[in-house]
Amino acid sequence: MVSEHYIRRAVFPGSFDPITLGHVDIINRALPLFDEIIIAIGVNTAKNYMGTLEERIAKIEAVFKGNLKVKVTSYKGLTAAFCKKENAQFILRGLRNTADFTYEQTIAQANEKVNGVDSVFLICSPEYSHISSSIVRDIARNDGDYSSLIP
Ligand code: ADP
């Protein structure tokens, strides 16, 4: 058996409000890189969510049902602290554009310097670069059809 030390474990943090085809694409493409991916919903009490935490977890679990490498959970506080607790060496993030990159850069550098947790970025597939959870929520609020954006 491979010892715990050698399990390559990544945390994919986000709000997933709701999970979109963009998220699913990143997770599917990251699966060959890691032994385990923990999809972790960050709980921020100051934020108003469209879906409850339970609904968001249930949806993600349904999408990855049967995939033993994917775990779904939630956490509070710093993502890097959660990674330490879970023995995850990596944070997985998706990049859609330079705005995403600019936002992620300093966070990734701080996480590596302060906590020794490295970030792994995948550039999103072009067909998904326009998709965000906030667009889905906007369309939903206005009774539009967002079915082509979510799994
Ligand atoms: P956050 O509030 O932390 O940005 P999200 O749930 O919106 O949480 O996103 C989680 C991760 O998924 C982030 O790394 C984000 O860049 C990535 N992501 C979101 N939408 C897409 C997409 N369409 N393609 C690729 N990555 C995406």
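Computed from heavy atoms alone, side chains included, the values below leave out hydrogens, waters and symmetry copies. As the structure lists them, so they are numbered: ligands from 1, and atoms in each ligand from 1.
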message: Looking at Y146, I'd like to know if its OH atom is crowded, meaning that more than 12 non-hydrogen atoms belonging to other residues, nucleotides or ligands lie closer than 6.0 Å.
response: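 No, because the 6.0 Å sphere around OH of Y146 holds 12 heavy atoms or fewer from other groups.
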Is there at least one pair of N or O atoms, one from [X] and one from ligand 1, spaced under 3.5 Å apart?
X    : result
S133 : no
T20  : no
F16  : yes
G94  : yes
R96  : yes
S132 : no

To the nearest 0.1 Å, how far is [atom] from its closest protein heavy atom, and which atom is that?
atom                    : value
atom 10 (C) of ligand 1 : P13 O, 3.5 Å
atom 2 (O) of ligand 1  : S15 OG, 3.3 Å
atom 18 (N) of ligand 1 : H23 CD2, 3.8 Å
atom 4 (O) of ligand 1  : R93 NH2, 3.6 Å
atom 26 (N) of ligand 1 : I26 CG1, 3.5 Å

Spacing of [atom1] belonging to [X] relative to [atom2] belonging to [Y], to within rounding of 0.5 Å:
X    : Y    : atom1 : atom2 : result
S119 : N111 : OG    : CG    : 5.5 Å
T79  : K84  : OG1   : NZ    : 13.0 Å
L95  : S129 : CG    : OG    : 12.0 Å
K69  : F34  : NZ    : CZ    : 9.5 Å
K71  : E36  : NZ    : CD    : 4.0 Å
L21  : N28  : CG    : CG    : 10.5 Å

message: Please work out, at 4.0 Å between heavy atoms, whether the side chain, the backbone, both, or neither of S129 comes within that distance of ligand 1.
response: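 Contact part for S129 vs ligand 1: neither.
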task: Just do the side chain to side chain contact (heavy atoms under 4.5 Å, CB included) check on F12 and I26 with the steps written out, would you?
output: CA-CA 9 Å; F12 186 41; I26 294 293; 4.0 Å; yes
query: Stepwise, does the side chain to side chain contact (heavy atoms under 4.5 Å, CB included) test hold for R137 with D17?
result: CA-CA 8 Å; R137 293 196 300 275; D17 187 31; 3.5 Å; yes
- prompt: Taking the non-hydrogen atoms of G42, is any one of them nearer than 4.0 angstrom to ligand 1?
  reply: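 No heavy atom of G42 comes that close to ligand 1.
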Just jot down the ligand 1 atoms closer than 4.0 angstrom to any heavy atom of [X], in number order.
X    : answer
G14  : 3 (O), 6 (O), 8 (O), 10 (C)
C124 : 24 (N), 25 (C)
I131 : 20 (N), 21 (C), 22 (C), 23 (N)
F12  : 11 (C), 12 (O)
G22  : 22 (C), 23 (N), 24 (N), 25 (C)
D100 : 16 (O)

message: Could you tell me if R56 sits above the aromatic ring of Y49, with its cationic atom closer than 6.0 Å to the ring centre and no more than 45 degrees from the axis?
response: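 Ring-cation test returns yes.
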task: State which residue, out of I60, D25, V63, fulfils the side-chain contact (heavy atoms from CB on, under 4.5 Å) condition with P151.
output: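 Exactly one pass, corresponding to V63.
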- prompt: Hey, mind stepping through I57 and I41 against side chain to side chain contact (heavy atoms under 4.5 Å, CB included) and telling me if it holds?
  reply: CA-CA 8 Å; I57 288 177; I41 303 184; 3.7 Å; yes
